[in-house]
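In what follows, every chain begins at residue 1, and chains take the letters A, B, ... in the order their sequences are listed. Side chains are part of it too, since the values below use all heavy atoms of this structure and drop only hydrogens, waters and symmetry mates.
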Amino acid sequence: MKPGAKKLFSTALALSFFLLTLEARAQLVPVGSGTNLSSVMYCDPPHDQQVKMRLTGAEMSPLPNATYDVKKLEIQQFSASGTLEAVARAPQCLYAPMDGQASSAGHLDLTLGGGKIHLQGEGFLWQQNESRLIISNRVSTVIKMGSWNVPTL
Amino acid sequence: MKITGFLFGLLVLANCSPAWAQTNAPAKKTAEQLLLITSDSGYYDGLTNRMVYIGHVFVTDHANGKLNCERLTVDLPPDGEHPTNIVAETNVVVDILNKGQTNHITANKAIYAYHVVAAVTNLINAMTNVVPAVTNETITFTGGNPKYKSPDSDVAAEPIIIHIAAQSVERVEFPAHVEMEWHIKSSGNGTNTSPFGILK
């Protein structure tokens with residue numbers, strides 16, 4: 001097998017493994033190292049076909065106590081109608097799937113309001129079940145003051 | 001329909017005269033303005049779509065106004081709609097720079113509310129059957145003996161309500177418990193004339 005094909009095969013194998021672990025639509029409990037981490041939560045009925053939250057990471061490696069070192073973390077949250085409400089990004093974090101938590105002492109970017117609100121901070125704890133993102137230090141937000149949609153009657 | 005500017009009327013207020021009987025000025029078309037919020041910490045609640053800033057909260061647009069408080073809560077409606085409710089709590093201090101003068105508002109709590117209501121009119125677009133709508137924006141200062149200080153006067157009232165229309169202060173309302181103190185300046189000609197021309 002050629003090196004390129006071998007790499008492609010390995011990546012596909014790792015991706016397939018993670019997809020299998022996600023099949024139950026429950027909390028992700030990955031095993032081993034890999035790339036293209038992805039975990040999905042769905043909305044409660046009657047919107048149970050709609051993705052509520054998606055967690056992705058470019059790379060992950062196992063650590064003690066069932067935690068993982070995740071690179072390029074991205075968490076997306078959607079409304080019941082499918083609108084992207086929030087996107088959180090961090091270059092690195094610790095992910096504990098059994099606890100449904102991701103945390104880091106490092107930098108965090110959070111985008112809200114359809115891109116109108118951009119927030120940054122240092123150090124965070126994301127609680128998956130509570131859909132809560134706690135930013136520990138030096139929170140800074142820039143709000144674009146224009147272009148808000150006016151609610152209709 | 002789009003609007004520009006919302007948060008606590010900082011920018012809104014900054015484009016206005018501080019007096020409490022104003023007429024609405026047409027909205028100016030300017031480059032997009034950015035509002036900066038900093039705090040010690042905070043959290044985003046994805047269930048309620050609410051952002052909360054905690055500790056040494058500071059809000060500014062770098063040019064026209066600033067707000068300090070200890071806790072700021074911003075409710076974000078879905079689908080990128082205009083925020084309807086923003087609450088500043090504990091030691092709320094607002095400074096608004098207007099025409100080179102600073103107007104100062106203090107209170108224990110300030111609530112910004114934004115609603116779209118049906119216009120009181122009989123006009124309905126016959127083609128689309130759309131009911132005309134108007135926005136209702138207010139900032140209500142309560143608690144901690146709210147005070148409104150301008151270069152001309154100091155006013156204490158509970159509450160102090162600022163009504164906003166078309167990105168301008170429509171009026172400032174002091175509905176109850178009003179105490180007002182005028183700042184009378186000397187005319188500089190050696191006579192102590194009163195602003196009312198009564199006392200000599």
Leu125(A) portion near chain B, given a 4.5 angstrom heavy-atom threshold: neither

Which atoms of Asp45(B) approach chain A - backbone, side chain, both or neither, heavy atom under 4.5 Å: both

Verify same cluster id: Val57(B), Val93(B) (apolar side-chain graph, 4.5 Å): no

Transitive ILVMFWY side-chain link Ile162(B) to Ile86(B), under 4.5 Å: yes

Ser131(A) versus Tyr44(B), side-chain donor and acceptor atoms under 3.5 Å: no

Part of Leu84(A) lying under 4.5 Å from any heavy atom of chain B: neither

From CG (Leu119(A)) to OG (Ser39(B)), nearest 0.5 Å: 8.0 Å

Enclosure of His183(B) NE2 (heavy-atom neighbours >12, cutoff 6.0 Å): yes

Residue among Tyr43(B), Phe58(B), Tyr53(B) with most heavy-atom pairs under 4.5 Å to chain A: Tyr43(B)

Atom group of Ser136(A) that falls short of 4.5 Å from chain B, counting heavy atoms: backbone

Side-chain (Glu85(A)) to main-chain (Asn49(B)) donor-acceptor, under 3.5 angstrom: no

Portion of Ile134(A) that has a non-hydrogen atom of chain B nearer than 4.5 angstrom: both

Contact origin within Glu130(A) toward chain B - heavy atom pairs under 4.5 Å: backbone

For the student: nearest non-hydrogen atoms of Thr38(B) and Ser140(A), plus distance: CG2-OG, 4.2 Å

Separation of Asn137(A) CG from Asp40(B) CG (nearest 0.5 Å): 8.0 Å

Identified side chain to side chain contact (heavy atoms under 4.5 Å, CB included) partner of Val142(A) from the options Leu35(B), Leu36(B), Ile37(B): Leu36(B)

Joint cluster assignment, Leu112(A) & Tyr114(B), ILVMFWY side-chain distance < 4.5 Å: yes

Shared hydrophobic cluster for Leu94(A) and Met98(A) (ILVMFWY, side-chain gaps under 4.5 Å): no

Note, Ile135(A) side chain near Met51(B) side chain (heavy atom, < 4.5 Å): yes

Inter-residue atom distance Leu34(B).CG - Lys116(A).NZ, 0.5 Å rounding: 14.0 Å

Joint cluster assignment, Met53(A) & Tyr68(A), ILVMFWY side-chain distance < 4.5 Å: yes

